[in-house]
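Each chain gets a letter, A, B and so on, in the order the sequences are listed, and its residues count up from 1.
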Number of protein chains: 2
Amino acid sequence: MSNYSTSEENYIKAIYHLQPEGVVTTNELAAELNTRAASVTGMMKKLRSKKLVHYESYKGFRLTSEGRKLALMIVRRHRLWEFFLAEKLKFSWDEVHVVAEEMEHVSSKKLIDKLDEFLGFPRTDPHGDPIPDANGRIEVVRSICLTELPLNTASTVAYVSDQSTGMLELLGHKKIAIGTALEVKKKFSFDNSMEIRIRQQPVTTISGELAKNIFVKYDE
Amino acid sequence: MSNYSTSEENYIKAIYHLQPEGVVTTNELAAELNTRAASVTGMMKKLRSKKLVHYESYKGFRLTSEGRKLALMIVRRHRLWEFFLAEKLKFSWDEVHVVAEEMEHVSSKKLIDKLDEFLGFPRTDPHGDPIPDANGRIEVVRSICLTELPLNTASTVAYVSDQSTGMLELLGHKKIAIGTALEVKKKFSFDNSMEIRIRQQPVTTISGELAKNIFVKYDE
DNA sequence: AATTAAATTTAGGTTTGTCTAAAATAAGAT
DNA sequence: ATCTTATTTTAGACAAACCTAAATTTAATT
Ligand SMILES: [Mn+2]
Ligand SMILES: [Mn+2]
Ligand SMILES: [Mn+2]
Ligand SMILES: [Mn+2]
């Protein structure tokens, strides 16, 4: 039944990331994967024959439910390994992705389910992205941008959209991570900078640029 | 410098297992890898050009010191993952190999060294085979066959040469595993069966066939 | 409706790793 | 020394994934 090549899996995952349900175009996918449009067309024919995508010439493609299921399994593997690397092996935030990119293709279902159990069934990866469960169910993370958060409202950092090294460094310095509880005390419209309070600590100022990339959810 | 394909790595590891230092022939390697002699010849030319093997037509091949170093790194990865699977994810003895066969090709050096640390620098894998350290140094396991062990001599199971499922089942039933302390109480020359005592338990009988596959080292 | 530009597909190659069948070589037996 | 056989290498093909360049289709503009 199943058993797909690394390449096929990378294509399926990329389609999922661009559009879990909707239509993706050849050039979009080529850009995402750092490959050429011609290569994408070839692969789409193959994935169509394997019933993983719907595809008609010149009309783009979207995942079949089969394809989406596979994508979710790959995402699951990727994020569980990221969690393992960060939590157990003490890799830093920006290092986990590259390694997980390779590990996600080790295909043993039992391996992944046992890993999940070993890790204590984590809900999100180190970047705050939700981890699909063994059946491919994935939580919809209801998060809003820090710039939208009302003043003096208890919230928790859920997700960071820019996952570059520079971002990591800055967040580390400001002591902000996934799960950090904070509230916004003051906003300055001039430059969109804001003052925030992290737990009981004295307020700090962060730039509008930074705030734009931080997503939080309301505390229950 | 380094970065070898899965196929190249599997060839290098197979050569190492057949002959860490000595000469390996084309057909031997083809048999080991379930491939054809012609494919082996092709790969040997490639590995020669990468200075991983010494190779002259019709004369077989052996690993260069570079090749041996690579082999040891692959063996290191393989056995550390086997240990991880058995120890942390509770895989049984006979399941770990197939999965590790895939995981051994994830190439991050940092990953492996951190994994080693996380696991507490284990000396041997679940089958009793020694794990090379980060510099490729590997312990020479000084073990003798259980059939050679003198009577009433304290010893510890170090290694099992047959690693099949049937063997695992039998060993499980007899409560024998790597690290089990035992001594031989009586040998019967008629069928080479023997009575052994595991720690304080009552003696059990094992067949000559089984004893032949168990290797022990003297307790210090 | 005709022209042009952008997106996509097709055509034709390359690389890696595999295979089968044929040719070449080495080594043992007469 | 020649024959025979087993081993190894070469030759030629194939599949998977990729590439570039050319052709085609779609969509937007005059
Ligand atoms: Mn990947
Ligand atoms: Mn992630
Ligand atoms: Mn392998
Ligand atoms: Mn082993």
Original post:
So, is B:R36 close to the C:dT20 phosphate, meaning a side-chain N or O under 4.0 Å from OP1 or OP2?
Top reply: yes
Subject >> Sub-6.0 Å ring centroid separation between B:Y16 and B:Y11 >> reply: no
**OP:** For A:A38 and for A:S5, find the nucleotide of DNA chain D with the closest heavy atom, then tell me which residue's nucleotide is more 5'.
**Re:** A:S5
Original post:
Is B:R76 salt-bridged to B:D113, cutoff N-O under 4.0 Å?
Top reply: yes
**OP:** For the pair A:E8 (side chain) and A:S5 (backbone), establish whether a donor and an acceptor sit closer than 3.5 Å, ignoring hydrogens and angles.
**Re:** yes
Original post:
Distance-only, no hydrogens or angles: does the A:K114 side chain make a donor-acceptor pair with backbone N or O of B:K88 under 3.5 Å?
Top reply: no
Subject >> A:N135 side chain vs A:R137 backbone, donor-acceptor pair below 3.5 Å >> reply: no
**OP:** May I ask you to list the residues of residues 55-63 of chain A, by number, that have any heavy atom positioned under 4.0 Å from an atom of DNA chain C?
**Re:** A:Y55, A:S57, A:Y58
**OP:** Inspect the surroundings of NZ in B:K175 and state if more than 12 heavy atoms from other residues, nucleotides or ligands are less than 6.0 Å away.
**Re:** no
**OP:** In whole angstrom, give the distance that lies between atom OH of A:Y11 and atom P of D:dA16.
**Re:** 14 Å
Original post:
Minimum heavy-atom separation for A:G136 to A:L72, with atom names?
Top reply: O-CD1, 3.3 Å
**OP:** Show your reasoning for whether side chain to side chain donor-acceptor pair (under 3.5 Å) applies to B:H78 and B:H97.
**Re:** CA-CA 8 Å; B:H78 184 100; B:H97 184 78; 3.1 Å; yes
**OP:** Flag this pair as yes if the NZ/CZ of B:K110 is under 6.0 angstrom from the six-membered ring centre of A:F91 and inside a 45 degree cone about the axis; otherwise no.
**Re:** yes
Subject >> Close residues, residues 39-47 of chain A, relative to DNA chain C [heavy-atom separation under 4.0 Å] >> reply: A:T41, A:K45
Subject >> Residue-level proximity of residues 16-32 of chain B to DNA chain D when a heavy atom falls under 4.0 Å >> reply: B:T25, B:T26, B:N27
Subject >> salt_bridge(B:E9, B:R77) N-O dist < 4.0 Å >> reply: yes
Original post:
Within the pair B:S7 and C:dT16, is there a side-chain N or O less than 4.0 Å away from OP1 or OP2?
Top reply: no
